[in-house]
Protein chains: 2
Amino acid sequence: MDSIGFEPHDHSSCIHDCIAAVDAQCRTAGLQFTPVRRRVLEILLQEHRALGAYEILDRLREEGLGSQPPVAYRALDFLVKNGFAHKIERLNAFIACTHPGEHHAPVFLICRACDAVAESQREPTQGQLGQAAREAGFVIERAVIEAEGLCPKCQHVGAA
Amino acid sequence: MDSIGFEPHDHSSCIHDCIAAVDAQCRTAGLQFTPVRRRVLEILLQEHRALGAYEILDRLREEGLGSQPPVAYRALDFLVKNGFAHKIERLNAFIACTHPGEHHAPVFLICRACDAVAESQREPTQGQLGQAAREAGFVIERAVIEAEGLCPKCQHVGAA
DNA sequence: TGCGTGATGTTATAAGATTACATGGGGCGT
DNA sequence: ACGCCCCATGTAATCTTATAACATCACGCA
Ligand SMILES: [Zn+2]
Ligand SMILES: [Zn+2]
Ligand SMILES: [Zn+2]
Ligand SMILES: [Zn+2]
């Protein structure tokens, strides 16, 4: 569960740890970490890539956990609103957060070849976006920062 | 047609100049700046905000320039591909470019109150996104950088 | 027990985007 | 002039993504 998602890691513990962390946070914050919500987060955690809402819904349906779009969207809304997952605007898809709960401004690196997505974080009010905003007198409340390109693994595949 | 879109400016000349610039560029590059494509760009230029494809299509339909989605999407594809317009992923909407033709990496500031959108530009491989990418060994090919918040005008309206 | 709040279940529909196929005009070599 | 290719456009149908609206249920609490 490191900040960058392209390196190999112990994935089963990655899932388990993250669920446990979110579970604890929900308890503390008085949020209901219900079966559907938990399952959706697990589904997202199983991949380090973004899943569309309807892909998630398909899996829920197979498991008898709900079959209509609002079921998936509501669970995703909950996860996103509370910082346990993020929406990748560029893909209209969702991904589990790799630093759940911490107040953060995520930055995504999306591999166009293998679809892996890495999450990093940066302070958005600093850097070039912050500078552009200050010049314009604009107050940033939320920032979408998503880069598309090739992850380390896929660069080597195509290159000689 | 300055880089930041929140300041007042001579809008009619802004439209005219931009169309003329794109027209010249198309001629140079051997691209067909057809009536539909021109009209879509004009429609986009009339607002400094992002328009959905179907909003554009509605206007085209009123003018008898085409009534089916592909007409709008094809014109938008042309404009986006050639750098005359941009898609705002966060809004699923499109906006005219304020520096048409120049090879550039746009950064958008979106006012959530009045929907105005300002385009600025920064070199994406520098700054914090570039740093995150380098740390991960990721090669950026394209970056979506969109900030939501309040423009200068709308900050003063809400505040006392 | 009765009430309020928040989660779910379900139907229908809105909004955004693409596929596939038909049509039509301009340039070009013959 | 003719046939051909390329590209833009016209049109129908379909697909994907997302939300609105309303019914139901379970829990905590007065
Ligand atoms: Zn995160
Ligand atoms: Zn990859
Ligand atoms: Zn631009
Ligand atoms: Zn504003």
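Chain letters run A, B, ... following the sequence lines, proteins first, then strands; residues in each count from 1.
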* To do: Write out all pairs satisfying side chain to side chain donor-acceptor pair (under 3.5 Å) with one or both partners inside residues 68-84 of chain B, taking only residues at least two apart or from two chains.
  => none
* To do: Just jot down the salt bridge (Lys or Arg N to Asp or Glu O under 4.0 Å) partners of A:Asp23, sequence neighbours excluded, or say none.
  => A:Arg27, A:Arg38
* Under the ring-ring contact (aromatic ring centres under 6.0 Å, His included) test, which residues partner B:Phe84, sequence neighbours left out? -> none
* A:Arg142 and B:Arg112: CA distance, side-chain angles, deciding distance, side-chain contact (heavy atoms from CB on, under 4.5 Å) verdict -> CA-CA 10 Å; A:Arg142 182 174 179 280; B:Arg112 66 166 163 80; over 6 Å; no
* How does protein reach along nucleotides 23-28 of chain D, written 5' to 3' as B (base within reach of a heavy atom under 4.0 Å), S (only sugar-phosphate), or - (no contact)? -> ------
* To do: For A:His16, check ring-ring contact (aromatic ring centres under 6.0 Å, His included) against everything at least two apart and list the hits.
  => none
* To do: Scan for salt bridge (charged side-chain N to carboxylate O under 4.0 Å, His left out) pairs involving residues 60-71 of chain B, sequence neighbours excluded, and state none if there are none.
  => B:Arg39-B:Glu63, B:Asp58-B:Arg61
* Residues in side-chain hydrogen bond (donor to acceptor under 3.5 Å, both in side chains) contact with B:Gln25, at least two apart in sequence or another chain -> none
* Using a 4.0 Å cut-off on protein heavy atoms (strictly under), produce a 5'-to-3' string for nucleotides 11-22 of chain D with B for base contact, S for backbone-only sugar-phosphate contact, and - for none. => BB----BBBB--
* Structure fact -> Bounded by its outermost nucleotides with an atom under 4.0 Å from a heavy atom of chain A, the footprint on DNA chain C reads C:dG6 to C:dT11
* **Listed partners of B:Phe94 passing ring-ring contact (aromatic ring centres under 6.0 Å, His included), at least two apart** => none
* **ring pair (Phe, Tyr, Trp, His ring centres under 6.0 Å): pairs with one or both residues in residues 22-44 of chain B, sequence neighbours excluded** => none
* For B:Glu47, which residues count as a salt bridge (Lys or Arg N to Asp or Glu O under 4.0 Å) partner, sequence neighbours excluded? -> B:Arg49, B:Arg59
